[in-house]
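Some notes on the structure that comes next.
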There are 2 protein chains.
Amino acid sequence: MSARATDERSGARSTHRAVPREKALTRQAEDYLKVIYEIEQGGSPAATTDIAEQLGIAAASVSGMLQRLARLGLVKVERYRGARLSASGRLIALQLIRRHRIIESFLVTKLGYGWDDVHEEAERLEHAASADLVDRMADALGNPTADPHGAPIPTAAGRVDERRLSSIADLPIGARARVVRMSDRDPELLRYLKKRGIVPGAILRLVEREPFDGPISLTVGRAKQSIGATAAAAVYVEKLARTDR
Amino acid sequence: MSARATDERSGARSTHRAVPREKALTRQAEDYLKVIYEIEQGGSPAATTDIAEQLGIAAASVSGMLQRLARLGLVKVERYRGARLSASGRLIALQLIRRHRIIESFLVTKLGYGWDDVHEEAERLEHAASADLVDRMADALGNPTADPHGAPIPTAAGRVDERRLSSIADLPIGARARVVRMSDRDPELLRYLKKRGIVPGAILRLVEREPFDGPISLTVGRAKQSIGATAAAAVYVEKLARTDR
DNA sequence: GAAATAAGTTAGTTCGTACTAACTTATTGT
DNA sequence: ACAATAAGTTAGTACGAACTAACTTATTTC
Ligand SMILES: [Mn+2]
Ligand SMILES: [Mn+2]
Ligand SMILES: [Mn+2]
Ligand SMILES: [Mn+2]
């Protein structure tokens with residue numbers, strides 16, 4: 001209560017402040033920055049349609065917001081070519097991602113949430129939790145470096161492991177690999193994969209692949225599995241030499 | 001991500017639903033309902049100006065929102081006379097208060113937050129936390145019935161102890177009383193009172209009171225204290241018979 | 001290299017939530 | 001009783017964030 005429109009998470013502590021204090025971003029603006037960050041990890045600037053699809057909104061809405069974010073200096077937009085984060089936009093995105101992943105870890109470890117069920121809750125809490133709260137959660141967890149889905153947790157300063165991983169879908173036949181992380185978006189898919197032993201840390205070998213996005217056969221431990229292309233694309237792995245264990 | 005404007009805390013689980021599902025309220029609407037509830041506890045309908053003052057906004061803004069809340073069937077407004085919650089409005093307010101108080105309890109007990117420092121964080125999280133999360137927190141705490149400031153925690157169904165308490169400011173001279181709860185709004189005031197031993201559970205006796213909102217003398221345990229009228233009004237007590245212990 | 005298609009932008013609208021200024025109703029004090 | 005004051009409402013404006021429809025630019029395909 002007693003919070004004006006601008007008094008948000010980032011700090012309405014002292015009523016009289018000397019510092020200019022940039023006003024807090026809205027939930028929406030934060031989520032835009034996050035999906036732009038994630039799309040950019042693919043290598044190219046974030047296209048309007050891709051952002052729209054990730055957020056479940058119309059492309060026209062994205063064009064509008066990108067102009068606002070550009071005005072705020074958070075993204076660089078090249079007309080008809082997509083958006084890239086500026087340094088300050090990237091920092092905000094990474095801090096949001098940090099909050100998200102620590103919250104997910106906390107919910108799973110301390111409150112008994114299921115692995116597959118935690119993303120949506122975190123998607124809202126990430127905008128309401130202060131950096132202080134998130135640091136306390138991280139401490140309570142022993143400052144983990146990865147979330148329950150294997151995704152790396154950025155530091156408060158915005159440093160994070162950005163190495164690109166290949167998905168099962170990219171593996172050559174015969175390759176051995178360790179599952180490092182998986183997409184956390186679809187609870188159903190996560191439950192499906194878990195049931196088959198495909199979780200971070202699992203070691204698998206690609207046996208065969210049918211063309212035209214056909215089924216992919218692989219061994220997980222001693223068991224043999226066959227999964228579809230969509231499922232395979234959601235699992236990120238690290239290739240192992242045949243000698244690796 | 002992938003949340004349309006209406007997909008909020010209250011549940012966008014199943015994409016195809018039969019139930020009409022009333023759309024989630026905004027943070028602002030929820031906070032209005034909460035302050036109306038709190039003002040109404042004083043006995044009379046919530047006046048426009050009082051709501052405005054509690055929320056730190058202009059009275060004109062309140063007039064507008066009250067019409068919207070009335071349209072939604074959450075309040076009954078009598079023009080120029082103030083607003084009262086409808087049954088459904090009250091339920092929403094009590095569920096929000098439940099979330100707030102459980103979150104405060106959790107932050108203090110499980111994450112080492114200070115008693116005095118927890119209100120503002122809860123004020124934001126209460127709108128983002130699902131009922132499920134809040135129930136898990138309550139379980140982890142052993143389902144407490146009061147928050148760290150002594151305020152009773154409503155049940156999920158919206159039942160709560162609404163008995164009215166008198167504040168120290170109302171105590172007659174010579175009365176013995178037990179501190180039951182205190183206002184959680186002002187961290188500074190809470191620290192001040194705590195330093196003097198005035199916390200929920202403390203037993204005190206009113207020794208003397210100067211007129212014109214003058215200082216109030218009281219004993220807290222064996223110590224003698226003198227506090228101002230504003231501080232006294234923030235501490236709610238239960239009178240004890242002289243024989244009570 | 002032009003036509004077809006896909007991607008992106010602009011214009012115009014809506015809704016929630018705030019604001020200030022001007023006006024209206026209620027309460028109070030003499 | 002009625003003027004002064006306090007409380008409340010309306011009108012008009014602004015901004016963020018969404019939408020659809022219509023138009024423009026880029027890319028692909030023949
Ligand atoms: Mn997630
Ligand atoms: Mn989010
Ligand atoms: Mn509180
Ligand atoms: Mn709140």
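Just so it is clear: chains get the letters A, B, ... in the order the sequence lines come, proteins before strands, and each one is counted from 1. Everything quoted here is computed from the prediction, not taken from an experiment.
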Proximal nucleotide (of C:dT9, C:dG16, D:dC19) relative to the A:Ile57 side chain: D:dC19
Non-neighbouring partners of B:Ser44 that pass side chain to side chain contact (heavy atoms under 4.5 Å, CB included), sequence neighbours left out: none
Between B:Asp31 and B:His127: side-chain donor-acceptor atoms closer than 3.5 Å: yes
Min side-chain heavy-atom separation A:Leu171-A:Ile216 under 4.5 Å: no
All side chain to side chain contact (heavy atoms under 4.5 Å, CB included) counterparts of B:Ala70, not counting sequence neighbours: B:Val75, B:Val77
Side-chain N or O of B:Tyr32 closer than 4.0 Å to phosphate OP1/OP2 of C:dA18: yes
Pair A:Arg90 + A:Glu162, salt bridge at N-O below 4.0 Å: no
Whole-Å distance separating the CG atom of A:Leu25 from the P atom of D:dA17: 9 Å
Return the polar atom pairs (N/O with N/O) between nucleotides 20-23 of chain D and the protein under 3.5 Å, or none.
none

B:Glu121 with A:Arg136: basic N within carboxylate O range, under 4.0 Å: no
Between C1' of C:dG16 and CD of A:Gln28, the distance in whole Å: 11 Å
5'-most by nearest nucleotide on DNA chain D - B:Val62 or A:Ala29: B:Val62
B:Asp170 with B:Arg209: basic N within carboxylate O range, under 4.0 Å: no
Spatial distance of atom CZ (B:Arg99) from atom CD1 (B:Ile153) [nearest 0.5 Å]: 13.5 Å
Whether A:Trp115 and A:His149 hold their rings parallel, tilted or perpendicular, with breakpoints at 30° and 60°: parallel
Side-chain N,O (A:Thr48) to OP1/OP2 (C:dT9) below 4.0 Å: yes
Rounded interatomic separation in angstrom, taking CD from A:Glu30 and C1' from D:dA17: 15 Å
Residues within residues 79-89 of chain A bordering DNA chain D, heavy-atom distance below 4.0 Å: A:Tyr80, A:Arg81
Side-chain touch A:Gln41/A:Arg164, heavy atoms, less than 4.5 angstrom: no
Whole-Å distance separating the CZ atom of A:Arg27 from the P atom of C:dT17: 15 Å
Side chain to side chain, B:Phe106 and B:Leu133, heavy atoms closer than 4.5 Å: no
Residues in contact with DNA chain C, drawn from residues 65-77 of chain A - heavy-atom cutoff 4.0 Å: A:Gln67
B:Arg71 side chain near B:Gln67 side chain, heavy-atom distance below 4.5 Å: no
Separation of atom CD in A:Glu78 from atom P in D:dA26, rounded to whole Å: 11 Å
Min side-chain heavy-atom separation B:Ile57-B:Tyr32 under 4.5 Å: yes
So which protein N/O to nucleotides 3-5 of chain D N/O distances come out below 3.5 Å?
none

d(CD1, B:Ile51; P, C:dA18) in whole Å: 12 Å
Spacing between B:Asp50 atom CG and D:dA6 atom C1', to the nearest angstrom: 13 Å
Nearest atoms (heavy-atom pairs only) where A:Pro148 meets A:Ser105: CD-OG, 3.5 Å
